[in-house]
Amino acid sequence: MAQDKTKRPETPRPIRGTQDMLGDSADRFAHVVDTFERVRKLYGFRRIEVPVFEATAVFARSLGESTDVVAKEMYSFEDRGGDSLTLRPEFTAGIARAYITEGWQQYAPLKVATHGPLFRYERPQKGRYRQFHQIDAEIIGAAEPLADVELLCFADQLLKELGINDGVTLTLNTLGDAQSRDAWRAALVAHFEGHRDALSEDSVDRLARNPLRILDSKDPRDKAVVDAAPGIDAYLSDEAAAFFDKVTSGLDAAGVAWERNARLVRGLDYYRHTAFEFVTDRLGAQGTVLGGGRYDGLIENMGGPVTPAVGWAAGIERLGMLLDHIQSDALDVAFIPMGEAAEKVAVRILSELRRSGLVCEMGYRGNIKKRMQRANDARAKFAVIIGDDELAEDVAIVRNLQTGVQTKQPIEHLGQIPFSLLDGMSLGRAVDATGSIVDLLTGDQAPQ
RNA sequence: GCGAUCGUAGCUCAGUUGGUUAGAGCGCUGGUUUGUGGUACCAGAGGUCGGGGGUUCAAGACCCCUCGAUCGCCCCA
């Protein structure tokens, strides 16, 4: 009664930045993952699983100890033994760790793919959550530009098969090899130092912390200085230029459209050569749909052997938001038994049909009207109604829910004869027939 | 960490310059149809107006605090 309300325990709230999915959003999510799994096999990427949490050092090492990303934007905690653990904020570092500690070097060059939840301690906004999900693909132990090309073709085909390539562009850049990168970086710092007064406060800040990031500043005050900044091309070594050329000509050969974005950068030092992002303007402030690049320096940074590698990742939720329209799976047959005896018969036929691959359902409760409504809501093609009257005759009513035409059919036919043949005309019993399917037709076609 | 906007039924929302008993659509339950969905009609259930404090004869509305959400900034591995 009323006083029970005061006793009702308080329901714990969901954690900020987490999501519960049912219906449309869950269907979108599943469609992205299904498509990824299918396309990944076409490219020969092996499925792997890695832990959701690691020693904090795995991610701290890959990011460089000092960045505030490590301090402020990771979900870290101490376990009971006092060790610092972190919920994975990305896939690459954990995969790199596994590559070293599991001896996966023997499989190099190794093409792997995975998907699952990631965690970042950030304030949620459109297309950005604290627990989010990504699909991920990596090629480890391949220094060849062909690896970059294959990975990009994979990404391109995935987006096309998801039907979201419209309005999405592949933007591409090279960061060169270590020498090219360092030379360019020095030139950029010199340039920005020279125009310090013209920069926004944020960018003056970045100049000290992470000067490459000034290139993708959103502040309009920075635009002129950024536009005048030196591009990397003048600083590329011959080898680096040749590498980039092989990547772009490979994309052309494969028919993958791309645009050069000489301002596209990566903040971390282990990135080399190719950097890319598939971008859209349909997601508010979060424009990147899929991003990645070559990280030849990472595995070495983590104490492994010198190992070239390239990879990408994409947010499942973001991809899901870009999908046009997702139709949930329709039902082939809805069973509507009335009474316990009918229920038992229905359970038997239901099992047979499911084993033969039909999508079937039977509700647990409700009168016939209610169950018909449910069948209709589930977009069932057929309803099979069995009550005491039908049981007495050993028949079931098969109703086509699109046409509204229904017939009585011998129960033994269900599961043996396709529904397309049971649709609209009553069939006789096999024992009365001479062996030809035509003999089963009785001419009793009048719907109820 | 910072800024803006917003919290009213399960969902989406309305609610006048502060004024009696807080409304609609959808959904849910039941009925018209005791065994037939999609359409229609009728009825019913369902609300701590996010929470706390204040102003007032009177607060869903005004003020303060707090919690939460959304969008953006910072950051973006």
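Fair warning: this is a prediction, and the values are worked out from it, not measured in the lab. Residue numbers start from 1 in every chain, and the chains themselves are labelled A, B, ... in the order their sequence lines are given, proteins ahead of strands.
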Is R272(A) close enough and on-axis enough to F243(A), meaning under 6.0 Å and within 45°, for cation-pi? no
Using whole Å, report how far CD of E201(A) lies from P of G1(B). 22 Å
Checking all strands, does Y121(A) fall into the base, sugar-phosphate, or nothing category for heavy-atom contacts under 4.0 angstrom? nothing
Looking only at atom C1', what distance separates A59(B) and G18(B), rounded to whole Å? 6 Å
Using atom C1' in both nucleotides, what's the gap between A9(B) and G50(B) to the nearest angstrom? 14 Å
What's the gap between G60(B) and C6(B) when it is taken at their C1' atoms, as a whole Å value? 15 Å
G72(B), OP1 or OP2 - any side-chain N/O from Q125(A) closer than 4.0 Å? yes
In dot-bracket form, 5' to 3', how is RNA chain B paired? Count Watson-Crick and G-U wobble pairs only if both distances fall under 3.5 Å, and write | where the partner sits on another strand. (((((((..((((.....[...)))).(((((.......))))).....(((((..]....))))))))))))....
Taking atom C1' in both G10(B) and A45(B), what distance in whole Å separates the two? 12 Å
With heavy atoms under 4.0 Å as the rule, sort K126(A) into base, sugar-phosphate or nothing. sugar-phosphate
Partners passing salt bridge (charged side-chain N to carboxylate O under 4.0 Å, His left out) against D156(A) (at least two apart in sequence or in another chain): K160(A)
Report the distance from atom CG of L401(A) to atom P of G38(B), rounded to the nearest whole Å. 11 Å
Nearest of A77(B), G72(B), G30(B) to any side-chain atom of M74(A)? A77(B)
